[in-house]
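Have a look at the structure below, then the notes.
Hydrogens, waters and symmetry mates play no part in the numbers below; they use all other heavy atoms, side chains included. What you are looking at is a predicted structure, and each value in this text was computed from that prediction instead of being measured.
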Amino acid sequence: MSERRIINADGAPAAIGPYSHAVAGDGLVFLSGQVGADPTSGDLADGVTAQAEQALRNIGVVLAAAGTDLSRVVKATIFLTDMGDFAAVNEVYARHIGEGKPARSTVTVAALPKGALVEIEMVALAGVGDGG
């Protein structure tokens with residue numbers, strides 16, 4: 001088993017708890033959930049569509065810091081505070097994820113950090129030659 005590597009990405013919102021943006025090891029990168037917070041101000045984007053867009057941009061920054069990208073995602077989990085937002089978030093997600101279509105779960109939760117409407121976490125393959 002390879003050593004785990006902690007990833008904290010410049011350009012992603014600061015963690016609001018005792019966790020890292022991602023942890024890599026054994027050829028995989030495990031991302032912590034990202035909400036739609038602006039990386040500079042920490043403020044949430046307005047509405048579920050804008051929050052989903054920002055969350056996926058934040059994920060892109062973390063994946064890049066880990067040496068990988070959205071095309072290498074193998075599993076995604078989407079947390080929604082209202083399943084009525086499924087179609088809107090799904091549309092945003094589909095634009096960002098492209099043709100790769102990783103395995104995915106979407107669940108409704110009672111609440112998310114900072115009052116967010118959506119949170120997204122992912123597992124990706126480490127970048128080529130990264131070794132995790």
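With hydrophobic clusters built from ILVMFWY side chains whose heavy atoms lie under 4.5 angstrom apart, Val109 does not share a cluster with Met83. Linking ILVMFWY residues whenever their side-chain heavy atoms come closer than 4.5 Å, directly or via other members, places Ile97 and Leu80 in the same cluster. Both Leu70 and Ile7 are assigned to one and the same hydrophobic cluster, defined by single-linkage of ILVMFWY side chains at heavy-atom distances under 4.5 Å. The cluster map of Ile, Leu, Val, Met, Phe, Trp and Tyr, joined by side-chain heavy atoms under 4.5 Å apart, puts Leu44 and Ile78 in different clusters. Note on Ile6: it does not cluster hydrophobically with Val123, by side-chain heavy-atom contacts below 4.5 Å among ILVMFWY residues.
Across every non-hydrogen atom of Ala116 and Leu112, the tightest pair is O-CB, 3.5 Å. Closest approach of Pro113 and Glu119 over heavy atoms only: CD-OE1, 3.7 Å. Scanning all heavy atoms of the two residues, the minimum distance from Asp69 to Leu63 falls at C-CD1, 3.7 Å. Between Asp38 and Ser41, the closest heavy-atom pair is OD2-N, 2.8 Å. When all heavy atoms of Gly42 and Ala37 are compared, the pair lying nearest together is O-CB, 3.7 Å. In this structure, Pro39 and Ala12 approach most closely via the heavy-atom pair CB-C, 4.0 Å.
Rounded to the nearest 0.5 Å, atoms OG1 (Thr106) and CZ (Phe79) are 9.5 Å apart. With rounding to the nearest 0.5 Å, the separation of CG in Leu125 from NZ in Lys75 is 14.5 Å.
The salt bridge (Lys or Arg N to Asp or Glu O under 4.0 Å) search around Arg104 returns none, not counting sequence neighbours.
A 4.5 Å side-chain heavy-atom check between Val48 and Thr81 finds every atom pair outside the cut-off. Using a 4.5 Å heavy-atom threshold, the side chains of Gln51 and Val89 count as separate. The shortest side-chain heavy-atom distance between Val62 and Ile59 does not fall under the 4.5 Å cut-off. The closest side-chain heavy-atom distance from Leu117 to Asp82 is not below 4.5 Å.
Applying the side-chain hydrogen bond (donor to acceptor under 3.5 Å, both in side chains) definition to pairs two or more places apart or across chains, those involving residues 54-66 are Gln54-Arg57, Gln54-Asn58.
With Gln34 as the partner, the side chain to side chain contact (heavy atoms under 4.5 Å, CB included) test is satisfied by one option alone out of Glu121, Met122, His21: His21.
Side-chain atoms of Ser32 come within 3.5 Å of backbone atoms of Ser20 as a donor-acceptor pair (strictly under, hydrogens ignored).
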